[in-house]
Amino acid sequence: ALLAAARDPRATSESLAQAVARSRDAWIGYREANLASLDQAEASYAARMQQVAREAKLLADRRAAMIERAAGAPNLARRLEERFGSLEAYADAQTGAKERELRARVERETRRYARERERLAREAYEGRRREGEFLAGVEDLGWHLDGAVRGALLDRTSGDILFDGSYIA
């Protein structure tokens, strides 16, 4: 449609701009359809990471509250500092396992997403490829690539002689 609009002798700059916009919109729609599964995978990964982030925030709040409560009770703070070395070390001992679990989840989910993204990208960019050359078997390919203009040098429909003299209609 874009080539037809460009070859139309009645074309105006406005009609050409509209043809270009339609072509661009068609390409964007095609690309978005091909990449939709990648977008879905990314959204799913983001949702999983949001859940981990929420849990990490709650854990950080719990850790801060532990330190604040212990600091507010001098006898408890002294005993904890004697046992753990500091209130921060005490809080680390209480929350460390959960923090390690959250880090492991992030690493596991990120690896999973990377594998899924690689697979989906391969499907999007290579999965719909046709076997063989894209334009294999197209007769008069040069003429078509030049815009299929009647009367052009390689046009077999015009009845003219080709540049090498091999065809006369």
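Note that this is a predicted model, so its numbers are computed, not measured.
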Gap separating the CZ atom of Arg48 from the OH atom of Tyr113, nearest 0.5 angstrom
9.5 Å
Rounded to the nearest 0.5 Å, what separation is found between the CG atom of Leu80 and the CD atom of Gln94?
8.5 Å
Under 3.5 Å, is there a donor-acceptor pair linking the side chains of Tyr45 and Thr110?
yes
Looking only at heavy atoms, the pair that brings Ala77 and Ala70 closest together is CB-O, 3.3 Å
Is a donor from one side chain sitting under 3.5 angstrom from an acceptor on the other, for Gln51 and Arg54?
yes
Side-chain ion pair, Arg112 and Glu116, N-O less than 4.0 Å
no
Rounded distance (nearest 0.5 Å) linking atom CG of Asp39 with atom CG of Asn34
11.0 Å
Could you check whether Glu107 pairs with Arg103 (Lys NZ or Arg NE/NH1/NH2 to Asp/Glu carboxylate O, under 4.0 Å)?
no
Do the charged groups of Lys98 and Glu101 touch, with an N to O distance under 4.0 Å?
yes
Evaluate the side-chain proximity of Arg83 to Tyr90: yes if any heavy-atom separation is below 4.5 Å, no if none is.
no
Just checking Glu123: does its CD atom have more than 12 heavy atoms from other residues, nucleotides or ligands closer to it than 6.0 angstrom?
yes
Quick check: closest heavy atoms across Ile67 and Leu87, and the distance to 0.1 Å?
CG1-O, 3.9 Å
CG on Leu120 to CG on Leu38, rounded to 0.5 Å:
5.0 Å
Heavy-atom distance under 4.5 Å between the side chains of Arg63 and Asp92, does that happen here?
yes
Ala5 and Ala11: which non-hydrogen atoms are nearest, and at how many Å?
O-CB, 3.4 Å
Rounded to the nearest 0.5 Å, what separates atom CD in Glu109 from atom CE in Met49?
5.0 Å
Least distance between heavy atoms, Leu35 atom then Ala124 atom
CD2-CB, 3.9 Å
Salt bridge present between Arg105 and Glu55 (N-O < 4.0 angstrom)
yes
Are Met66 and Phe84 connected, step by step, through hydrophobic side chains (Ile, Leu, Val, Met, Phe, Trp, Tyr) whose heavy atoms are closer than 4.5 Å?
yes
State whether the side chain of Ser44 and the backbone N or O of Gln40 hold a donor-acceptor pair below 3.5 Å, judged by distance alone.
no
Give a yes or no on whether Glu14 atom CD has more than 12 heavy-atom contacts from other residues, nucleotides or ligands under 6.0 Å away.
no
Rounded to the nearest 0.5 Å, what separation is found between the CG atom of Leu76 and the CZ atom of Arg69?
9.5 Å
Crowding at CZ, Arg31 (>12 non-hydrogen neighbours, <6.0 Å):
no
